[in-house]
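Step one of this worksheet: look at the structure below.
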Number of protein chains: 2
Amino acid sequence: MSEDLSDKPTQKDDGVGPRYARIQRILEARLRDGTYPIGSLMPTEVELSAEFDTSRFTVREALRNLTDSGFVERRQGLGTRVISTQPQVHYSQTFDSLQELFQVAVETYYVVLGSEVIALDKELAGVVGGKVGEVWTRVDGVRWTRPGGRPMAYIQSYVPQAFAHLVPQFQDYKGPFFNLLESNSVVPIDECEQEISAAPMPEAAQRQLGLTPGAIALQLLRRYRTSEGVLITSCNWHPAEQLSYKMRIKRNRGQS
Amino acid sequence: MSEDLSDKPTQKDDGVGPRYARIQRILEARLRDGTYPIGSLMPTEVELSAEFDTSRFTVREALRNLTDSGFVERRQGLGTRVISTQPQVHYSQTFDSLQELFQVAVETYYVVLGSEVIALDKELAGVVGGKVGEVWTRVDGVRWTRPGGRPMAYIQSYVPQAFAHLVPQFQDYKGPFFNLLESNSVVPIDECEQEISAAPMPEAAQRQLGLTPGAIALQLLRRYRTSEGVLITSCNWHPAEQLSYKMRIKRNRGQS
DNA sequence: CAGTGGTCTAGACCACTTC
DNA sequence: AAGTGGTCTAGACCACTGT
């Protein structure tokens with residue numbers, strides 16, 4: 001039942017496709033039925049080569065795919081460890097760039113209202129992702145659809161001291177500020193945390209956006225992180241009627 | 001400057017790491033500087049093997065990584081086509097399951113307040129993702145931390161007619177309803193759309209959640225889709241103070 | 001130290017695309 | 001028919017992990 005593998009490759013093995021694919025399917029079946037339990041080590045490449053009467057190359061190709069599918073992880077000198085017994089279905093939302101994360105900031109205009117150098121207290125440190133006592137600069141501003149147009153959001157940006165010298169460029173910078181900071185940073189942004197909440201519109205924002213008291217805000221807090229720490233944190237208050245945050249999460253791969 | 005490649009492998013090529021990695025870096029540099037323009041075909045495996053005085057295997061490993069990084073696409077019989085000149089950095093948020101998408105619904109209790117069979121008008125059709133005139137069932141309910149505990153959210157669920165027979169099971173079902181429906185569906189959920197917005201708490205929700213007039217809600221609208229259409233749409237109103245939606249978006253691969 | 005996966009060679013045949 | 005990438009062999013040495 002498992003011996004036409006010694007036949008010529010890619011011809012009529014039993015199922016279809018190349019040999020590594022058939023071996024992969026067999027191994028996946030064993031993972032599912034518990035032959036290789038989670039946490040255990042799978043047979044070595046040499047053992048599998050012998051079992052399937054094939055070269056290490058072919059076995060490696062099958063194992064590479066199992067790794068990509070999240071079934072196993074492999075470590076030099078250690079072996080192939082089973083980390084999942086299911087095809088590791090997972091869902092993801094992807095953006096080609098952080099700009100896409102939020103569709104604003106393109107063709108919009110930013111007006112600085114003021115800025116202030118502050119020392120982080122405990123609460124603020126938690127909000128911006130810094131440490132208590134660090135010196136940051138807070139920049140207040142409003143983003144408009146166009147000069148003299150409709151105000152879109154009230155924004156407070158928190159910039160660590162190392163990048164405070166860029167704050168004067170905020171006023172004229174086209175595009176999101178994390179871009180400005182990232183292009184002046186030696187390390188790239190590798191993570192963005194976002195917290196979305198509903199809140200009453202702060203009074204200052206209310207005034208600047210021309211809203212009536214009691215207005216509701218969709219609040220977006222974002223921390224852009226590099227390996228060195230937070231690059232910039234911004235908090236946007238959008239009028240609730242004007243903005244909703246839409247996302248689509250897709251299943252990736254995997255059957256069942 | 002490019003001729004210590006004929007030396008022994010993985011020893012001291014020039015930079016660091018294995019040979020395929022060095023070749024990969026060289027090729028990436030050429031992609032960036034326009035030596036291989038977008039849309040063109042890169043040199044063939046054999047040509048690259050000759051240039052770098054290495055085996056096809058090693059070149060293939062480099063090209064495989066370029067493919068994974070989104071630089072090129074490869075077609076048998078055709079060649080290696082340049083599709084991007086940038087490391088195709090992209091960011092993604094992933095969930096291992098849709099449950100993780102939202103951390104609620106585990107160890108919580110749901111109480112049905114009532115349900116109603118409705119025909120979709122134009123507005124409702126847009127909201128739930130159905131067609132005008134279709135018959136759906138709307139189920140109103142409240143989710144509690146525990147029986148008699150704290151109310152967490154007011155929920156309206158919209159279920160298409162095909163699954164209306166499952167509505168009586170909502171009351172006792174542990175876990176999110178899309179799970180219940182999916183396990184009674186022949187096709188799996190492959191997509192979830194989510195819209196997050198801020199809004200005044202609806203009056204009915206206000207009453208059920210024991211809130212004062214003027215309360216603010218974080219509203220989450222989710223449509224779970226299969227290949228056959230929407231499986232279930234739910235709209236949750238959470239008290240603004242009780243919930244914020246947090247997400248973390250990570251850079252995937254690629255340097256610079 | 002022995003054994004693992006990681007890298008690599010120098011061949012080979014096949015499936016596919018283009019001419 | 002010629003040339004491409006896809007698959008595969010049977011070797012080899014290396015880097016890393018455990019003992």
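To find a chain, count down the sequence lines: A is the first, B the second, and so on, and within it residues start at 1.
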In whole angstrom, give the distance that lies between atom CZ of B:R19 and atom C1' of C:dT9.
-> 10 Å
Both distances under 3.5 Å, Watson-Crick or G-U wobble: on that basis, could you give the dot-bracket string for DNA chain D, with [ ] for crossing pairs and | for other-strand partners?
-> |||||||||||||||||..
Would you kindly give the CZ-to-C1' distance between A:F52 and D:dT9, to the nearest whole Å?
-> 18 Å
SB check B:R19 B:E61 (cutoff 4.0 Å) | no
Does B:T58 make a side-chain N or O approach to OP1 or OP2 of C:dT9 shorter than 4.0 Å?
-> yes
Looking at B:R60, does any N or O in its side chain come under 4.0 Å of the phosphate oxygens OP1/OP2 on D:dG6?
-> yes
Which class fits the ring pair A:Y173 and A:F177: parallel under 30°, tilted 30 to 60°, perpendicular over 60°?
-> tilted
For C:dT7, take OP1 and OP2 only and decide whether either is under 4.0 Å from a side-chain N or O of B:Y20.
-> yes
Could you say whether A:F57 or B:T44 is positioned toward the 5' end of DNA chain D, judged by the nucleotide with the nearest heavy atom to each?
-> B:T44
Grab the CG-P distance between B:L48 and D:dT4 for me, whole Å please.
-> 11 Å
Send over the distance from B:R22 CZ to C:dC8 C1', rounded to a whole Å.
-> 16 Å
Whole Å only: how far is the CZ atom of B:R81 from the P atom of C:dT17?
-> 13 Å
Between C:dG5 atom C1' and B:E61 atom CD, what is the distance in whole Å?
-> 13 Å
Do the side-chain N or O atoms of B:R56 get closer than 4.0 angstrom to the phosphate oxygens (OP1, OP2) of D:dG5?
-> no
Under a 4.0 Å N-O cut-off, is there an ion pair linking A:E193 with B:K246?
-> no
Hey, is the side chain of A:R64 pairing donor to acceptor with the base of C:dG6 inside 3.5 Å?
-> no
Of the listed D:dG6, C:dG5, C:dT9, the closest approach to the A:E45 side chain comes from C:dG5
Is the A:Y110 ring parallel, tilted or perpendicular to the A:F170 ring (thresholds 30°, 60°)?
-> perpendicular
Should the heavy atoms of other residues, nucleotides or ligands under 6.0 Å from CD of B:Q242 be counted, would the total exceed 12?
-> yes
Using a strict 4.0 Å threshold on nitrogen-to-oxygen distance, state whether B:E47 and B:R56 make a salt bridge.
-> no
For the side chain of A:Q76, counting heavy atoms from C-beta on, which of C:dT4, D:dG6, C:dC8 is nearest?
-> C:dT4
OP1 or OP2 of C:dG6 sitting under 4.0 Å from any side-chain N/O of A:R74?
-> yes
Can B:E73 and B:R81 be counted as an ion pair, charged N to O under 4.0 angstrom?
-> no
Return the nearest nucleotide to the side chain of A:S55; candidates are C:dT17, C:dC8, D:dC8.
-> D:dC8
Side-chain N or O of A:T80 less than 4.0 angstrom from OP1 or OP2 on C:dG5?
-> yes
Answer yes or no: is there an ion pair linking B:E191 with B:R222, defined by an N-O contact shorter than 4.0 Å?
-> no
Quick one: A:L78 CG to D:dA15 P, roughly how many Å, whole number?
-> 18 Å
Value in whole Å for how far the P atom of C:dT4 lies from CD of A:E47 = 6 Å
